[in-house]
Amino acid sequence: MARFASSTRDVPTASAVPRHVAIIMDGNGRWAKKRLLPRVAGHHRGVETVRILVRACLERGIEYLTLFAFSSENWRRPPEEVSLLMQLFVRALKEEVKKLDRNGVRLRVIGELERFDPDLQALIKASESRTAGNSRLTLTIAANYGGRWDILQAINRMLSSNPEKGTEWQEADLTPHLAMSYAPEPDLFIRTGGEQRISNFLLWQLAYSELYFTEVLWPEFDSTAFDAALVSYQKRERRFGRTSEQLSGVSAASPTGSRIDA
Ligand code: IPE
Ligand code: IPE
Ligand code: MG
């Protein structure tokens, strides 16, 4: 399995097109409310946006797309809405996996999946195995995911991997145990729906991501809106702690993929 170190230890190579885009898909409820529709109608339309975005990532050569579908805090919603969201998730998995597979998409689901119905857990496993050999795009769905849960479970696994080690743990010991150790950290984070917060999404992995917030509601987020986020990303100067002057001195002969000395 490919291991990616933390961007606080290594300076990743930055390219014009982000390798990894992570999105908080927000605003489904408000989209429905504006149209006097039930909230679930917004979630239905939101699935259509997921299809559009997967296609857009394939066309633009983006390698990793990570979508926050259900947070560990979303269980606090009314039970009917939680149940409808689960049904929608099951239906989307059943309907889409064939097409994802055909298009070279590898599907991964991260989060505390034990809390889900056993049938849904089995469906997730089957969908992941079916697409495991694909490499064009890795689509990660975060479901019952929380950034704090991820860090804690990684700490627990790290400690039990070497109980004798004592206290000399490094970042590099922890990162292989994070739920998304198979992916580089997100280059670009997008949140739709106007809120400017992380809502317990990828807390560790967003340390050096470029953040982009838009008022556009998720059901209305289309490839044009996505391109606006990509253009904004292209204008950012990713310094990873260095100065602007250092960056302008970086040439092809001295790429950015350098190691920070401890
Ligand atoms: C995001 O849309 C979808 C999920 C959290 C599952 P919301 O349902 O949060 O929509 P708003 O924020 O109420 O508009
Ligand atoms: C965050 O959206 C989680 C998902 C998009 C799945 P919420 O709409 O639940 O976030 P908060 O609670 O308003 O911050
Ligand atoms: Mg919301």
Side-chain angles (χ1 to χ4, degrees), residues 20-54 56-57 64-96 107-117 120-121 123-124 139-153 178-180 183 186 188-206 209 211-222 225-226 229:
H20 184 175
V21 179
I23 309 184
I24 297 187
M25 314 184 281
D26 197 18
N28 293 352
R30 278 162 286 164
W31 179 89
K33 197 172 173 190
K34 270 201 326 200
R35 287 161 181 77
L36 307 175
L37 294 167
R39 290 178 57 84
V40 66
H43 298 317
H44 274 281
R45 275 298 290 255
V47 176
E48 185 49 39
T49 305
V50 173
R51 290 193 193 100
I52 291 169
L53 265 256
V54 168
C57 287
Y64 298 87
L65 173 64
T66 301
L67 302 174
F68 204 7
F70 191 88
S71 75
S72 40
E73 289 70 37
N74 286 143
W75 295 104
R76 296 179 184 143
R77 294 195 177 194
E80 316 79 64
E81 180 166 343
V82 170
S83 149
L84 278 162
L85 281 167
M86 293 299 149
Q87 285 171 30
L88 206 57
F89 188 27
V90 169
R91 183 160 1 135
L93 275 177
K94 283 185 176 156
E95 286 176 4
E96 303 298 324
L107 180 74
R108 297 295 297 256
V109 181
I110 56 165
E112 205 176 353
L113 304 181
E114 297 73 28
R115 174 112 188 239
F116 291 135
D117 198 77
L120 177 52
Q121 290 184 47
L123 183 61
I124 289 170
L139 170 64
T140 301
I141 305 292
N144 192 22
Y145 179 87
R148 290 184 178 177
W149 163 82
D150 194 2
I151 293 169
L152 265 176
Q153 66 82 30
L178 289 165
M180 252 205 309
L188 173 63
F189 159 92
I190 299 173
R191 182 171 185 146
T192 63
E195 312 294 355
Q196 302 196 3
R197 55 183 176 243
I198 305 289
S199 299
N200 200 17
F201 194 26
L202 303 160
L203 298 180
W204 178 284
Q205 298 87 339
L206 291 175
S209 308
L211 308 180
Y212 180 86
F213 298 95
T214 172
E215 294 292 326
V216 178
L217 304 172
W218 180 249
E220 286 169 344
F221 193 73
D222 56 12
F226 185 46

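Positions are given from 1 along the sequence. Small disclaimer: the values here were computed from a predicted structure and weren't measured. In listed order, ligands and their atoms are each counted from 1. Side-chain atoms are counted along with the backbone in the values below, which use heavy atoms only and exclude waters and symmetry mates.
Below 4.0 Å from some heavy atom of Ser199 lie the following atoms of ligand 2, by number and element: 10 (O), 11 (P), 14 (O). Close approach of ligand 1 to Asn74 (heavy-atom distance below 4.0 Å) involves ligand atoms 5 (C). Under a 4.0 Å criterion applied to the non-hydrogen atoms of Ile24, ligand 2 contributes the atoms 1 (C), 5 (C). Close contacts of ligand 2 with Phe70, meaning ligand atoms under 4.0 Å from a residue heavy atom, involve 6 (C). Near His43, meaning under 4.0 Å from one of its heavy atoms, ligand 1 places the atoms 3 (C), 8 (O).
Nearest to the Mg ion (ligand 3), among the N, O or S atoms that Asp26 has, is OD1.
Of all the heavy atoms of Phe201, none lies under 4.0 Å from any atom of ligand 2, so neither backbone nor side chain is involved. With a heavy-atom cut-off of 4.0 Å, Ala69 touches ligand 2 through its backbone alone. At a heavy-atom distance under 4.0 Å, only backbone atoms of Met25 (N, CA, C or O) approach ligand 2.
For the pair Arg51 and Glu48, the salt-bridge criterion is met [side-chain N within less than 4.0 Å of a carboxylate O].
The protein heavy atom nearest to atom 7 (P) of ligand 1 is Asp26 OD1, 3.5 Å. Ranking protein heavy atoms by distance to atom 10 (O) of ligand 1, first place goes to Gly29 N, 2.9 Å. Protein heavy atom at the shortest distance from atom 2 (O) of ligand 1 is Asn28 N, 3.2 Å.
Across the listed options Arg30, Arg77, Arg39, Arg77 owns the non-hydrogen atom lying nearest to atom 9 (O) of ligand 1.
Between Gly27 and ligand 1 there is a heavy-atom distance shorter than 4.0 Å. Residue contacts with ligand 2 do not include Arg76, since none of its heavy atoms lies under 4.0 Å from the ligand. The shortest separation from a heavy atom of Arg197 to ligand 2 is under 4.0 Å, placing the residue in contact.
Relative orientation of the Phe213 and Phe189 rings is perpendicular, given thresholds of 30° and 60° on the angle between their planes.
Atom CD1 of Ile141 is separated from atom CD1 of Ile124 by 10.0 Å, given to the nearest 0.5 angstrom. Once rounded to the nearest 0.5 Å, the distance linking CD1 of Ile190 with CG of Leu67 reads 10.0 Å. Note that CG of Leu84 is 8.0 Å distant from NE2 of His43, once rounded to the nearest 0.5 Å.
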(message) side chain to side chain contact (heavy atoms under 4.5 Å, CB included) for Phe68 and Asn74? Distances and angles first, verdict last.
(response) CA-CA 11 Å; Phe68 204 7; Asn74 286 143; 6.0 Å; no

(request) Walk me through it: do Val109 and Tyr145 pass the test side chain to side chain contact (heavy atoms under 4.5 Å, CB included)? (result) CA-CA 9 Å; Val109 181; Tyr145 179 87; over 6 Å; no

(request) Before giving the answer on side chain to side chain contact (heavy atoms under 4.5 Å, CB included), spell out for Phe70 and Met86 the whole-Å C-alpha distance, their side-chain angles and the decisive distance to 0.1 Å. (result) CA-CA 9 Å; Phe70 191 88; Met86 293 299 149; 3.9 Å; yes

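When Ile52, Thr214, Val21 are each tested for a side-chain contact (heavy atoms from CB on, under 4.5 Å) with Phe226, only one passes: Val21.
A heavy-atom distance below 4.5 Å is not found between the side chains of Asp150 and Trp204.
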